[in-house]
Engineer: 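Here it is: the structure, laid out below.
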2 protein chains.
Amino acid sequence: MPTHHPDLDRVAVEDVLAALGNPVRISIVRELAGSAGPRSCGSLPIEVTKATATHHWRVLRESGLTRESRSGREKQITLRTAELDARFPGLLAAVLAAAPPREP
Amino acid sequence: MPTHHPDLDRVAVEDVLAALGNPVRISIVRELAGSAGPRSCGSLPIEVTKATATHHWRVLRESGLTRESRSGREKQITLRTAELDARFPGLLAAVLAAAPPREP
DNA sequence: ACGAAAGTACGTAAGACATCGTACAGTACG
DNA sequence: CGTACTGTACGATGTCTTACGTACTTTCGT
């Protein structure tokens, strides 16, 4: 079964938002956005176990945010930046531009 | 205990996204955005029971998306549009501009 | 004062979600 | 070939979410 990547035209914005509405996943997305181009999964700074990471990668992929591919034993993951901006103009940029919350 | 509205500077973007990542809530937000100004809760087209609606209104309020007030026995609810745009520039606009998914 | 209306509080149930450990599969390298 | 490495599959578990019914509070009309 080849890995499935949804057609963005069929994705609802609330599903993208739900995928982004998780601290682990948004940190992955920020990391991917920080380095234009594919990134090997192993190089992502992740604070959960491998099994949990796999789960989050799948949620991101199924929501249409990322694209996955395989090279050797490593998985590569990319943000679908251009496609996302065509489907939801300005959304990803606005999310990525968000300043962190004030602490106290 | 007066109703609490968070200071948006202390809100993390992923919490706003999580609040928006639900079909009932995003439809409330779209409705509020469609009519600039406060809206009485009873006038919102909602497809859940009153108890569930109360739950969603609270999630929206606690995430910083809406402001609530009381007039008589009716509750008024507003989108914190300007504040949100100052804290997360372009985010709400991008979300609201999203086209619905293609059906088939 | 009484009854209807608008929400809320509370308890509860079903389902989704995040997380992990362990076992497994595929690939690379010696 | 055997071992190490990368990630997946599966199953378990605890927590969070969504949803509801019912009972209650407050407020408005009459």
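Naming convention: chains lettered A, B, ... in sequence-line order (proteins, then strands); numbering from 1 in each chain. Note: hydrogens, waters and symmetry copies are ignored here, and every other heavy atom, side chains too, is used.
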Engineer: Which atoms form the tightest heavy-atom contact between L32(A) and L79(A), and what is the distance?
Structural biologist: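 Nearest heavy atoms, L32(A) then L79(A): CB-CG, 3.9 Å.
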
Engineer: Taking all non-hydrogen atoms of both residues, which atom of D85(A) and which atom of G90(A) are closest, and how far apart?
Structural biologist: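 Looking at all heavy atoms of both residues, the closest pair is OD1-N, 3.0 Å.
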
Engineer: Considering non-hydrogen atoms only, spot the tightest contact between H5(B) and E68(B) and give its length.
Structural biologist: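 Shortest heavy-atom separation between H5(B) and E68(B) comes out as NE2-N, 2.8 Å.
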
Engineer: Could you check R70(B) against R25(A) and say which one's nearest nucleotide on DNA chain C is further toward the 5' end?
Structural biologist: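 First, find each residue's nearest nucleotide; the 5'-ward one identifies R70(B).
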
Engineer: Would you say the side-chain atoms of T52(B) pair up with the backbone N or O of V48(B), donor to acceptor, closer than 3.5 Å?
Structural biologist: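 No, the answer is negative, given that no donor and acceptor are paired below the 3.5 Å cut-off.
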
Engineer: Sub-3.5 Å donor-acceptor pair from the side chain of T66(B) to the main-chain atoms of R61(B), do we have one?
Structural biologist: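 Checked: pair present.
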
Engineer: Identify the 5'-most and 3'-most nucleotides of DNA chain D with at least one atom closer than 4.0 Å to a non-hydrogen atom of chain B.
Structural biologist: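 Listing 5' to 3', DNA chain D meets chain B from dT18(D) to dC28(D).
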
Engineer: Under 4.0 Å, heavy atoms only, any strand: does K50(B) hit a base, just the sugar-phosphate, or nothing?
Structural biologist: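 Result for K50(B) = base.
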
Engineer: Taking R87(B) for the side chain and L8(B) for the main chain, is one N or O donor matched with an acceptor at less than 3.5 Å?
Structural biologist: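 Confirmed, R87(B) side chain pairs with L8(B) backbone.
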
Engineer: Closer to the 5' end of DNA chain D via nearest nucleotide, is it A51(B) or H55(B)?
Structural biologist: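 On the 5' side of the pair lies H55(B).
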
Engineer: When you match G72(A) and T49(A) each to their closest nucleotide on DNA chain C, which lands nearer the 5' end?
Structural biologist: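 The residue whose closest nucleotide sits nearer the 5' end is T49(A).
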
Engineer: Quick check for you: name the first and last nucleotides of DNA chain C, 5' to 3', having an atom under 4.0 Å from a heavy atom of chain B.
Structural biologist: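 First and last nucleotides in contact are dA4(C) to dA9(C).
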
Engineer: Pair up each side-chain donor or acceptor in residues 9-23 of chain A with any protein partner under 3.5 Å, not counting sequence neighbours, and list the distances.
Structural biologist:
residue	atom	partner	partner atom	Å
R10(A)	NH1	D7(A)	OD2	3.2
N22(A)	OD1	V24(A)	N	2.9
N22(A)	OD1	R25(A)	N	3.0

Engineer: List the atom of E31(B), the atom of L44(B), and the distance in Å for their closest heavy-atom pair.
Structural biologist: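 Closest heavy-atom pair between E31(B) and L44(B): CG-CD2, 3.7 Å.
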
